[in-house]
Amino acid sequence: MPEYFEKNEAEVTSRLPELKGDDPVMRMAPYPSGPLHIGNARMAVLNDEYVKRNNGKLILVYDDTIGSEQKKPLPDAYDLIKDGLEWLGVEWHEVHYKSERMEIYYEYGEKLLSTGEAYVCECSPKKLREYREKGVECEHRTRTTEDNLKHWKAMLKGVLDEGDAVVRIKTDMEHPNPAFRDRVLFRISKSPHPLVGEKYHVWPLLEFSWAVDDHLLGMTHILRGKDLVIEDEMEKFIWDIFHWKHAEFLHYGMLRLKEFKLSKSDFQKKLKNNELCGWDDPRTWSLQSLRKRGIQPEALRDFILDFGMSLTDIEVPASKLYAKNRELIDARANRYYFVPEPVTIALEGELETDIAEIPRHPDDPKRGNRVLEVGKIVHIPRKEYEENIGKEIRLKNLCNIQLSETKGTVTSMENKDILKIQWVPEGIECIVEMPDGSREQGLVERNFNELKEGEIVQFERYGFVRVIDEELNIVAFAHR
RNA sequence: GCUCCCGUAGUGUAGUCCGGCCAAUCAUUUCGGCCUCUCGAGCCGAGGACUCGGGUUCAAAUCCCGGCGGGAGCACCA
């Protein structure tokens, strides 16, 4: 096991490009609309990794500005995010909340208005977009400083409504990149905020709050997905106005999991409609859901670090993560028999024994055997039952049977080289929560009772599962 | 449409900056074989790639130009 880690660490280390400069200060900026999911984990792991390798400092900044109608900050998300980060082994040295720093943004925003670098614009979103497309300046751009400050105060006071006015920075309405033309710095929102309530009516957009905070909090390196590259330019533009030193930017490409599209926005809604059964529902791919399934944080980190800082847009199958996880849990997961969709058959003929002894782990005899008491019936999986009527199969670790529609006639005890399946005599009802949210019912051997919540085991021929409720016998399916 | 980014085997990834040591790395997947009373693990082996076309050069995955393909931004979201 240690060898595995050493080998892998070395490999990965050589893969991340070196940082320029010493003593890096970096940050993670989650938006608290829900727990971190597997996509957000990349941001956290890369930052953490860089900081640890270079003895730097990592700052957790909740990017909790007011968001949008579709994307609202959620009170529970703050702790869910911390919880996820801790599980991932990400260590941070400071925490900040943007919602606590509003006065700072106002201060610098007002400076830009005073120097004529920004202006209050009352164009409708539609007009703003049209002018942006055409590269035309609107009439508000030439307001006087006094006029700008007057309108700014009105915005702050709350006498204006949502959508009435915004603060825009003067870049160049003919800038070759239409996305860069006079971007919006502040806007009005009257939605209540989970931390500061309705104290503020004017909220900064991310480009501005970041330009200010990345400087004020002493950031030396900024890691972000390449979908945010335009923010680099915006931040640099603003830093230049204030004559601030530039931080270094590093980007990584877009990552998608084949099994689901990373859209955190839907989850809030689905949760409300009871389409999901909590933030750890496997369909959310939240860190909590992965933990529940028995995915090891080391496996996830390794999975993420494998992509390095590549700028390529990638779509990865979850099986890649599972392969990493299997490597970690296979040795420690004890084995049990679980029969999905059980079919009951009578056991007939001469059994030379009334118990079966089966190793808890095939590669580690020291863990001893589990014992199954054999009676007059056994339960076997429907799939194998249907496929093998009329054939001879082996009840693993017990005996060979000739299978008919209603019974299995014992043919011999010897370990024959035929299909071996798992089976249970009197089993316990067990529910398996599958990654797609469905639930599979079946019977698990009685020895399941010796398991505690949180334990990861393998149901032989079925897959790895983690016990999530030892009373009700519920397990979460990890992977094969 | 405009701006920017990317393009190495099925999937990821190393190599691209500073051309030769790359008949191209590693992981996973796939296919054989061995082992194993699991469709798990392990062991051995095999297969499989430089998006295309030009150019520069003694020499190009690596540099230049163009095409094609994919992605992102052009939100009063982050």
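Order of the sequence lines fixes the chain letters, A, B, ..., with proteins taken first and strands second; residue numbering starts at 1 for each chain. Every value quoted in this text rests on a predicted model; they were computed, and no experiment measured them.
Look at B:G1: its Watson-Crick or wobble partner, with both distances under 3.5 angstrom, is B:C74. In this structure B:G7 sits in a base pair with B:C68, meeting the Watson-Crick or G-U test at under 3.5 Å. The partner of B:A61, taking Watson-Crick or G-U wobble pairs whose two distances both stay under 3.5 Å, does not exist in any strand shown. In this structure B:G12 sits in a base pair with B:C26, meeting the Watson-Crick or G-U test at under 3.5 Å. In this entry B:C21 has no Watson-Crick or G-U wobble partner, no candidate having both defining distances under 3.5 Å. Shown here, B:C34 forms a base pair with B:G42; the pair counts as Watson-Crick or G-U wobble because both key distances fall under 3.5 Å.
Seen from the ring of A:Tyr385, A:Lys383 does not count as a face-on cation partner, given the 6.0 Å and 45° thresholds. A cation-pi arrangement is present between A:Arg370 and A:Tyr337 under the rule of less than 6.0 angstrom and at most 45 degrees off the ring axis. Judged by the 6.0 Å and 45° rule, A:Arg293 forms a cation-pi pair with A:Trp285.
Taking for each of A:Phe307 and A:Pro204 the nucleotide of RNA chain B with the nearest heavy atom, the 5'-most of the two is the partner of A:Phe307. When the nearest nucleotides of RNA chain B are assigned to A:Ser310 and A:Asp330 by heavy-atom distance, the more 5′-ward of the two goes with A:Ser310.
Within the nucleic acid shown, A:Gly67 comes within 4.0 Å of sugar-phosphate atoms alone, with no base atom in reach, counting heavy atoms only. Backbone-only engagement by A:Phe464 is indicated by non-hydrogen atom pairs under 4.0 Å involving sugar-phosphate atoms exclusively. Residue contacts shown for A:Arg326 are limited to sugar-phosphate atoms, with no base heavy atom under 4.0 Å away. Residue A:Leu311 is in sugar-phosphate contact alone, with no base atom involved, counting any heavy-atom pair closer than 4.0 Å across all strands shown. Here A:Glu69 lies out of heavy-atom contact (under 4.0 Å) with every strand. Residue contacts shown for A:Thr65 are limited to sugar-phosphate atoms, with no base heavy atom under 4.0 Å away. Across all strands shown, A:Ser189 has no heavy atoms under 4.0 Å from either base or sugar-phosphate atoms. Counting non-hydrogen atoms under 4.0 angstrom, A:Val184 reaches the backbone sugars and phosphates but no base.
Atom P of nucleotide B:G73 and atom CD of A:Glu133 are separated by 16 Å, given to the nearest angstrom. Computed from coordinates, the A:Lys72 NZ to B:A78 P distance equals 14 Å when rounded to whole Å. Per the geometry, CE belonging to A:Met234 stands 14 Å off P belonging to B:C74, to the nearest Å. Per the geometry, NZ belonging to A:Lys324 stands 18 Å off P belonging to B:U11, to the nearest Å. Atom CD1 of A:Ile188 and atom C1' of B:C76 are 9 Å apart (whole Å). Separating the CD atom of A:Glu207 from the P atom of B:G73 is a distance of 13 Å, rounded to the nearest angstrom. Atom-to-atom, NZ of A:Lys127 to P of B:C76 comes out at 15 Å; the value is rounded to the nearest Å. Counting to the nearest Å, the P atom of B:U28 and the CG atom of A:Leu305 are 16 Å from each other.
With sequence neighbours left out, A:Ser438 forms a side chain to side chain donor-acceptor pair (under 3.5 Å) with A:Asp436. Scanning for side chain to side chain donor-acceptor pair (under 3.5 Å) contacts around A:His361 gives A:Arg335, with sequence neighbours left out.
Spacing of C1' atoms, B:C52 relative to B:A61, comes out at 14 Å, to the nearest Å. The same atom, P, is picked in B:U51 and in B:A75; the two are 34 Å apart, to the nearest Å. Rounded to the nearest Å, the gap between the P atom of B:C44 and that of B:C26 is 14 Å. Comparing B:U25 with B:A46, their P atoms sit 13 Å apart, to the nearest whole Å.
A donor-acceptor pair shorter than 3.5 Å can be found between the side chains of A:Asn334 and A:Arg367. Counting only N and O atoms by type, the side chains of A:Glu450 and A:Tyr336 include a donor and acceptor under 3.5 Å apart. A:Asp147 and A:Tyr119 share no donor-acceptor pair across their side chains, judged by distance under 3.5 Å alone. Between the side chains of A:Gln402 and A:Thr409, no donor N or O sits under 3.5 Å from an acceptor N or O.
Only A:Pro362, A:Asp363, listed by number, bring a heavy atom of residues 351-366 of chain A to less than 4.0 angstrom from any atom of RNA chain B. Non-hydrogen atoms lying under 4.0 Å from RNA chain B are contributed by A:Arg394, A:Lys396, A:Asn397, all within residues 393-402 of chain A. Interface residues of residues 170-183 of chain A facing RNA chain B, ordered by number: A:Pro176, A:Asn177, A:Pro178, A:Ala179; criterion, heavy-atom separation under 4.0 Å.
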Does A:Phe180 form a side-chain contact (heavy atoms from CB on, under 4.5 Å) with A:Ile230? I'd like the steps, not just the answer. CA-CA 7 Å; A:Phe180 198 72; A:Ile230 196 166; 4.1 Å; yes
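A donor N or O paired with an acceptor N or O is found under 3.5 Å between the base of B:U38 and the side-chain atoms of A:Gln458.
Using bins of under 30°, 30° to 60° and over 60° for the plane-to-plane angle, the ring pair A:Tyr62/A:Tyr97 lands in the parallel bin.
Side-chain atoms of A:Arg168 and A:Arg183, non-hydrogen and from C-beta on, never get closer than 4.5 Å to each other.
Among A:Asp63, A:Asp213, A:Asp214, the single residue meeting the salt bridge (Lys or Arg N to Asp or Glu O under 4.0 Å) criterion with A:Lys98 is A:Asp63. Residue A:Trp239 is tested with A:Phe249, A:Tyr108, A:Trp210 for a ring-ring contact (aromatic ring centres under 6.0 Å, His included); the sole match is A:Phe249.
A donor-acceptor contact shorter than 3.5 Å is absent between the side chain of A:Arg256 and the backbone of A:Glu315.
Ion pairing of A:Glu49 with A:Arg301 is present here, as a side-chain N (NZ or NE/NH1/NH2) and a carboxylate O approach within less than 4.0 Å. Salt bridge A:Glu235/A:Arg224: present, at least one basic N to carboxylate O contact under 4.0 Å.
You'll find that the side chain of A:Leu205 is closest to B:C76, out of B:A27, B:C76, B:A72.
Between A:Arg132 and B:C76, a side-chain N or O to OP1/OP2 separation shorter than 4.0 Å is present.
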5' to 3', nucleotides 60-65 of chain B under a 4.0 Å protein heavy-atom cut-off (B base, S sugar-phosphate only, - none) gives ------
